[in-house]
Amino acid sequence: MAVRTYLQAISDGLREEMRSDERVFVMGEDVGAFGGAFKVTDGLLEEFGAARVRDTPIAEAGIVGTAVGAALAGLRPVCEMQFGDFVACGFDQLVNVAGKMHYRLGLAVPLTVRLPVGGGFSGGPFHSQNPEAWFMHAPGLKVVAPSTPADAKGLLAAAIRDPNPVIFLEHKHLYRRVKGEVPEAALPTPMTARIARPGEDLSVFAYGAMVHTALEAVSELEADVEVVDLRSLVPLDEEAILASVRKTSKALVLDEANATCAAGAQVAALIADRAFEDLDGPVRRLATPDVPIPFSPPLEQAVLPGTTRVKEAIRELLDY
Amino acid sequence: MAVRTYLQAISDGLREEMRSDERVFVMGEDVGAFGGAFKVTDGLLEEFGAARVRDTPIAEAGIVGTAVGAALAGLRPVCEMQFGDFVACGFDQLVNVAGKMHYRLGLAVPLTVRLPVGGGFSGGPFHSQNPEAWFMHAPGLKVVAPSTPADAKGLLAAAIRDPNPVIFLEHKHLYRRVKGEVPEAALPTPMTARIARPGEDLSVFAYGAMVHTALEAVSELEADVEVVDLRSLVPLDEEAILASVRKTSKALVLDEANATCAAGAQVAALIADRAFEDLDGPVRRLATPDVPIPFSPPLEQAVLPGTTRVKEAIRELLDY
Amino acid sequence: MESFDRRAGELLSDDDRVGLLRQMLLMRAVEERGNALYKQGKIPGSFYDGRGQEAVSVGATWALSGADPVCSPLIRDLGAHLVKGTDLTQIFQHYMGRENALSHGREGNVHFGDKGVGVVGMVSMLPDMMVVATGLAMAYRMRAEQRCALTFFGDGATSRGDWHEAMNWAGLDRLPVIFLMECNQLAYSTPSARQFARDPIERAAAYGVHATTVDGNDVEAVFVAAHDARERALAGDGPTLIEAQTFRMHGHGAHDDARYVDPGLIAEWAARDPIDRYSARLTERGLDVTGLAEDVAAEVAEAVAVALTAPMPDPATATEGVFCTSAPAGEQLGRGAERWSGFAAMAQRLPSAAAA
Amino acid sequence: MESFDRRAGELLSDDDRVGLLRQMLLMRAVEERGNALYKQGKIPGSFYDGRGQEAVSVGATWALSGADPVCSPLIRDLGAHLVKGTDLTQIFQHYMGRENALSHGREGNVHFGDKGVGVVGMVSMLPDMMVVATGLAMAYRMRAEQRCALTFFGDGATSRGDWHEAMNWAGLDRLPVIFLMECNQLAYSTPSARQFARDPIERAAAYGVHATTVDGNDVEAVFVAAHDARERALAGDGPTLIEAQTFRMHGHGAHDDARYVDPGLIAEWAARDPIDRYSARLTERGLDVTGLAEDVAAEVAEAVAVALTAPMPDPATATEGVFCTSAPAGEQLGRGAERWSGFAAMAQRLPSAAAA
Ligand SMILES: Cc1ncc(C[n+]2csc(CCOP(=O)(O)OP(=O)(O)O)c2C)c(N)n1
Ligand SMILES: Cc1ncc(C[n+]2csc(CCOP(=O)(O)OP(=O)(O)O)c2C)c(N)n1
Ligand SMILES: [Mg+2]
Ligand SMILES: [Mg+2]
């Protein structure tokens with residue numbers, strides 16, 4: 001096992017899938033010689049050539065839509081949005097074309113869309129968004145959100161090999177900040193939740209960057225808190241969520257996305273419906289309020305959930 | 001008070017706003033001489049002329065984006081999407097341009113987008129969707145969903161007079177099916193919830209067509225069930241929701257939209273967080289499962305929540 | 001307009017001609033029956049047809065090889081499905097929302113596809129499928145396959161951004177795709193004059209897209225234009241935009257009486273009916289086409305009779321198939337019927353290829 | 001390219017000329033200081049500049065009346081903000097994420113607007129604001145106001161669907177809008193040749209949009225093109241697409257060393273620097289422009305000094321203002337500075353209008 005950053009792990013995963021399956025190719029703005037805005041595709045052009053590492057025009061509907069066509073023709077496109085925010089420009093092709101194709105017509109659309117998402121570095125309202133809930137609310141799309149290098153690589157392999165359109169959320173703030181052991185072999189990670197830290201007294205549910213926020217918060221507390229890394233949002237590992245709540249009887253659901261109708265709302269609603277009898281307290285949520293992500297550091301810090309607020313919420317709920 | 005259909009009430013509301021405020025104009029595909037796909041704008045061209053009743057090209061981004069420009073210039077555009085489903089093609093302009101303008105730059109965008117939504121008449125996967133949750137998860141957009149003719153007219157007036165972009169959901173299945181008394185005067189309806197039927201033993205939360213499904217179900221039961229018509233999804237009348245649960249201690253949340261991350265998930269999560277102590281049972285949800293809306297009647301009926309399933313859910317929860 | 005007559009003479013056999021007429025008759029017969037079934041309440045939702053535009057989808061699809069997909073026929077383009085060889089009975093079952101192999105009741109109207117014959121069903125959002133067709137062409141180019149994709153769209157659909165993204169993308173990469181613009185002068189109630197200031201065909205060259213305008217009510221002209229576009233695509237010379245000038249003879253859908261259309265215009269175009277014109281031409285040419293309409297009627301009647309016995313889908317299946325659960329083995333789009341006699345002639349010259 | 005020199009001679013006074021140079025110098029000085037502040041860690045996030053492209057935004061905006069909005073300047077178009085009259089200190093406070101009147105810390109980079117002077121801030125999604133500018137023009141047409149809107153976008157942005165929807169819409173309704181395409185030959189790392197097969201300017205006429213190409217490093221040429229486009233717009237003759245040929249002299253942003261750009265190309269374009277060229281031209285013309293750079297430097301230094309004393313925004317305000325809580329009274333976009341001497345001359349001829 002080698003120690004890799006989150007970003008390197010995504011790069012590795014992409015390279016290995018391209019090596020082992022010649023149907024796999026990448027496309028996006030500046031992904032070729034430039035290696036992508038975040039350098040995830042750096043070096044791929046040299047190894048695989050311009051036919052499989054395709055610079056595209058600035059056309060997000062074009063990127064998603066042509067990828068659907070290529071997928072129907074038997075290829076396995078991996079699209080990069082330069083920032084996850086721009087997926088709004090390819091939204092219709094994703095939700096109406098890619099997502100409904102199999103249900104309507106029995107045609108599989110094996111397609112991966114990589115979305116660099118998330119805030120925390122003064123990206124402002126158009127370079128910090130977490131759009132996953134839109135796609136969770138669009139039938140036919142899978143949505144995964146790794147938090148560790150190993151899962152980033154493994155879930156990317158799983159996404160690329162999946163016969164369905166998969167939205168792959170990669171959190172920009174983890175790219176170079178998070179390092180970890182990553183298996184050399186290209187093992188796909190199952191689209192299930194993972195216990196990031198076991199505990200008995202309270203469960204924190206999170207995904208992506210918020211897993212680290214949760215772990216950091218818990219590490220600063222004297223309490224036996226479980227942290228569940230959801231990893232996959234569609235499919236959502238409902239059994240793992242319910243099992244954790246059954247054990248701890250208390251749930252805090254974390255989200256970096258805007259609060260209303262977020263992934264966390266779905267998780268909380270699930271718990272309230274199906275684990276009600278196991279609950280010893282309210283299902284607490286912590287998320288970014290419903291505001292565009294502001295640019296200025298003190299404002300951004302004020303809206304994104306941070307360890308201080310997570311600790312407070314955990315303490316309050318433990319005392320409940 | 002005159003008795004009007006839901007559709008007539010929307011027409012009336014539009015006409016009255018256009019009469020009383022010359023800044024108000026409508027735009028959309030076939031809204032002029034043809035009067036709109038559902039005839040909501042019928043007769044407006046004759047009364048107000050082609051400058052204020054504008055047929056547009058088939059260009060949803062164009063419709064939303066030019067409306068934003070017109071709003072900035074001091075007008076009050078009311079856009080019609082021919083079917084709510086096509087709003088996906090104007091999604092980016094709504095969430096990134098219209099929704100964030102005031103927070104970022106202090107510019108108001110008084111803009112109404114009318115979305116004929118909902119299923120129940122074999123419209124199939126592209127003419128039956130309920131997209132409200134996408135917009136609830138996009139800060140800066142208001143979202144309203146009337147269920148009665150009076151509220152359809154009143155909320156349309158409220159939407160048009162609001163200085164913000166408002167998504168106005170009009171349920172196609174209510175257009176001609178629902179009739180009711182509508183005040184002559186153009187009184188805006190507040191963006192708050194309404195008790196559609198008071199009760200003591202259980203609260204059903206619904207909006208749009210599901211309010212009628214809920215009322216019908218309740219009328220067939222011997223039970224004292226409260227039906228809360230949310231009417232506005234953004235802002236969401238949290239106090240009214242919590243007050244109802246405090247009274248009844250049991251909550252069923254209904255949604256015609258796909259279940260995951262739906263409006264109902266948000267309502268359920270709210271209750272689980274803030275009314276936990278008042279609950280005497282799980283927060284139950286009933287929604288369309290995460291599938292595109294199928295065309296064939298037995299399939300469509302199998303996925304849309306109907307009175308039978310609502311009754312079952314109520315009974316189960318009452319017996320809990 | 002270019003002269004297509006001479007080229008048609010070179011390319012089409014008499015069998016082709018009878019075949020073209022037959023498919024147009026079939027399209028009309030299916031849609032007439034469809035309208036009747038709709039009015040009888042046997043088709044739920046709504047019903048859309050392409051009356052008067054039969055030459056467009058039939059003529060263009062006739063030029064495709066078995067491996068060239070249509071992605072996608074739109075609501076006026078039933079002929080593309082028929083030429084490719086989709087089963088009539090299944091089509092009627094699909095229309096009526098009964099259990100069927102094309103959509104299993106999940107879709108209605110002309111929103112079906114038949115992957116077995118290489119037809120991808122449309123989505124309603126216009127013209128999204130142009131972009132998908134461009135992606136198919138991109139894949140063929142990447143794999144150096146001698147195939148091209150055909151996509152249809154209306155004059156109205158040209159106003160949307162996806163039209164532009166597809167045109168630009170295909171022109172940039174010189175992709176083997178045929179863009180067939182069906183200029184029926186209306187988009188629902190909106191005349192083309194309220195859709196664009198200048199005919200989109202004028203923009204084609206400035207996208208690097210070859211362009212040609214044809215009489216869309218002349219099935220041979222449409223065939224020739226599509227044939228030549230396909231040749232160009234396979235030769236690596238990039239995409240073609242074909243503008244087929246035609247007219248929508250019915251309302252937008254069965255619910256629409258189209259009273260907004262000038263009756264004079266309808267009469268004018270009725271005189272140019274593609275089926276009447278072509279029947280007369282073939283008769284003049286000495287071909288006996290008298291029995292065709294009856295044949296076709298019988299075929300339709302039989303298909304409907306069987307379809308009417310098909311059950312409705314099982315409600316228990318309503319939530320199945322949102323996701324694909326097993327990876328498709330190889331390419332999902334099969335080979336459709338190969339109608340043009342030129343393919344058979346080529347195959348005879350190349351016996352080994354024919355065997356493959 | 002058309003001959004702009006003669007027209008510039010007719011239209012521009014010497015005051016205009018000095019003003020144009022001054023604004024270009026100002027843009028460069030602000031951006032140089034911005035890059036330095038970024039490297040010092042005083043500007044969070046990233047920083048983008050328009051070095052070498054100053055003539056485009058300065059020249060075009062100079063042609064606008066006070067009531068003509070810019071919607072929107074993009075990341076290379078700081079000059080539009082400066083010409084319209086946005087306060088320098090506020091700009092630096094905005095860049096540094098301090099409390100400021102333009103965005104209150106909610107935005108960064110060139111993503112600011114100043115409604116008081118009629119500038120709508122950009123959104124990142126390219127080229128969304130073209131559509132919004134088209135909507136402004138639609139409103140002016142509806143109210144029969146003598147105003148037009150100016151919008152900027154890059155060569156890369158022309159590939160997106162919204163470009164098309166705006167072009168088509170404006171052409172169809174002959175709207176008073178100026179589309180300024182800033183052809184700096186790159187989109188991030190992607191050269192124009194990978195963006196389109198043919199220059200988008202070639203499509204303009206087929207949208208019903210007048211088109212013209214100018215030397216984007218010649219501020220007078222850009223001014224004349226914008227001036228004429230505005231006249232055309234106000235006369236009811238519809239939109240104009242102006243293509244300004246220029247070159248991006250820095251990386252895409254401060255983080256980008258642009259090593260993918262051929263150094264020969266950079267040297268070639270450096271020799272055509274719009275500021276150096278124009279300084280030389282004005283000196284040749286006998287105008288004394290020696291003190292301008294110093295003036296501008298002092299202005300910038302002072303603005304920065306003040307900005308550095310501004311507080312960061314109060315975190316408690318972070319969630320305020322998502323919604324507007326009171327209806328705006330009348331039009332929100334105010335009047336910007338009116339720079340072109342022609343407006344003053346007209347006002348003198350029409351004293352009553354000037355008083356209004
Ligand atoms: C993006 C989008 N917006 C609106 C519609 C609704 N709609 C369905 S068909 C139609 C008219 C299409 O006109 P055209 O493209 O000319 O095709 P035609 O019906 O004339 O064949 C419209 C507006 C749609 N299908 N897609
Ligand atoms: C819709 C969209 N996709 C991607 C991006 C990311 N992006 C920012 S600037 C840029 C290049 C823009 O090139 P061009 O339009 O030529 O403008 P220039 O930077 O050269 O001035 C890209 C791809 C974006 N802003 N918007
Ligand atoms: Mg048409
Ligand atoms: Mg550029």
Side-chain angles (χ1 to χ4, degrees), chain A residues 60-61 85-96 99-100 103-104 124-126 129 131-134 136-140 233-234 236 251 253 257-277 279 281-285 289-292 294-295 320, chain B residues 60-61 85-96 99-100 103-104 124-126 129 131-134 136-140 233-234 236 251 253 257-277 279 281-285 289-292 294-295 320:
Chain A
E60 284 74 12
D85 308 67
F86 300 121
V87 75
C89 303
F91 188 74
D92 167 52
Q93 286 280 350
L94 264 172
V95 305
N96 283 317
K100 303 193 170 112
Y103 183 74
R104 297 171 57 239
F126 302 119
Q129 293 172 86
E132 51 274 15
W134 291 337
M136 294 174 69
H137 191 63
L233 299 174
V234 179
L236 185 66
V253 188
N258 293 121
T260 295
C261 292
Q266 177 64 23
V267 172
L270 171 77
I271 295 169
D273 190 353
R274 308 243 315 266
F276 175 72
E277 307 200 341
L279 283 173
V283 184
R284 279 279 137 82
R285 291 189 60 201
D290 293 329
V291 302
F295 163 80
Y320 183 93
Chain B
E60 283 74 11
D85 309 67
F86 300 122
V87 76
C89 303
F91 187 75
D92 166 53
Q93 286 280 352
L94 263 173
V95 305
N96 283 318
K100 302 192 169 109
Y103 183 73
R104 295 170 58 238
F126 301 120
Q129 293 173 83
E132 51 275 14
W134 292 337
M136 295 174 69
H137 191 63
L233 300 174
V234 179
L236 185 66
V253 188
N258 294 122
T260 296
C261 293
Q266 177 63 24
V267 172
L270 171 76
I271 295 170
D273 190 352
R274 308 244 314 268
F276 175 73
E277 307 199 343
L279 283 173
V283 184
R284 279 279 137 83
R285 291 189 61 202
D290 294 329
V291 301
F295 164 80
Y320 183 93

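Every chain is numbered from 1, with letters handed out A, B, ... down the list of sequences.
- Note that the CE atom of A:M136 and the CG atom of A:L236 stand 6.0 Å from one another [nearest 0.5 Å].
- Comparing B:F126, B:F91, B:Y103 by heavy-atom pairs within less than 4.5 Å of chain A, the highest count is held by B:F91.
- Contact of B:L279 with chain A is made through backbone and side chain together, with heavy-atom distances under 4.5 Å.
- Legend: residues meeting salt bridge (charged side-chain N to carboxylate O under 4.0 Å, His left out) with B:R284, ordered by chain and number and at least two apart, are A:D273, B:E316.
- Ranked by heavy-atom pairs under 4.5 Å with chain B, the first of A:A275, A:A257, A:A265, A:G124 is A:A265.
- Taking B:V283, B:V267, B:D290 one by one and counting their heavy-atom pairs under 4.5 Å with chain A, the maximum is reached by B:V283.
- Every pair tested for salt bridge (Lys or Arg N to Asp or Glu O under 4.0 Å) that includes a residue from residues 263-272 of chain A fails, sequence neighbours excluded, so the list is empty.
- In this structure, chain B has heavy atoms under 4.5 Å from both the backbone and the side chain of A:R285.
- Here the straight-line distance linking atom CZ of A:R274 with atom CZ of A:F276 works out to 15.5 Å at 0.5 Å rounding.
- The two residues A:P131 and A:V87 make their nearest non-hydrogen contact at CG-CG1, 4.3 Å.
- Interface remark: of the candidates B:A263, B:G281, B:A133, B:G281 forms the most heavy-atom pairs closer than 4.5 Å to chain A.
- For the set A:A272, A:G90, A:A268, the entry with the most heavy-atom pairs within less than 4.5 Å of chain B is A:A272.
- Of the two parts of A:L233, neither the backbone nor the side chain holds a non-hydrogen atom closer than 4.5 Å to a non-hydrogen atom of chain B.
- Closest approach of B:A61 and B:Q93 over heavy atoms only: O-CG, 3.6 Å.
- Residues A:Q266 and B:C261 approach most closely at OE1-N, 2.8 Å, considering heavy atoms.
- With a 4.5 angstrom heavy-atom cutoff, A:A259 touches chain B only via backbone atoms.
- Here the closest non-hydrogen pair linking A:P139 and B:V291 is CG-C, 3.6 Å.
- Comparing B:F86, B:F295, B:Y320 by heavy-atom pairs within less than 4.5 Å of chain A, the highest count is held by B:Y320.
- If you measure heavy-atom distances from A:Q129 to chain B, the contacts under 4.5 Å come from the side chain alone.
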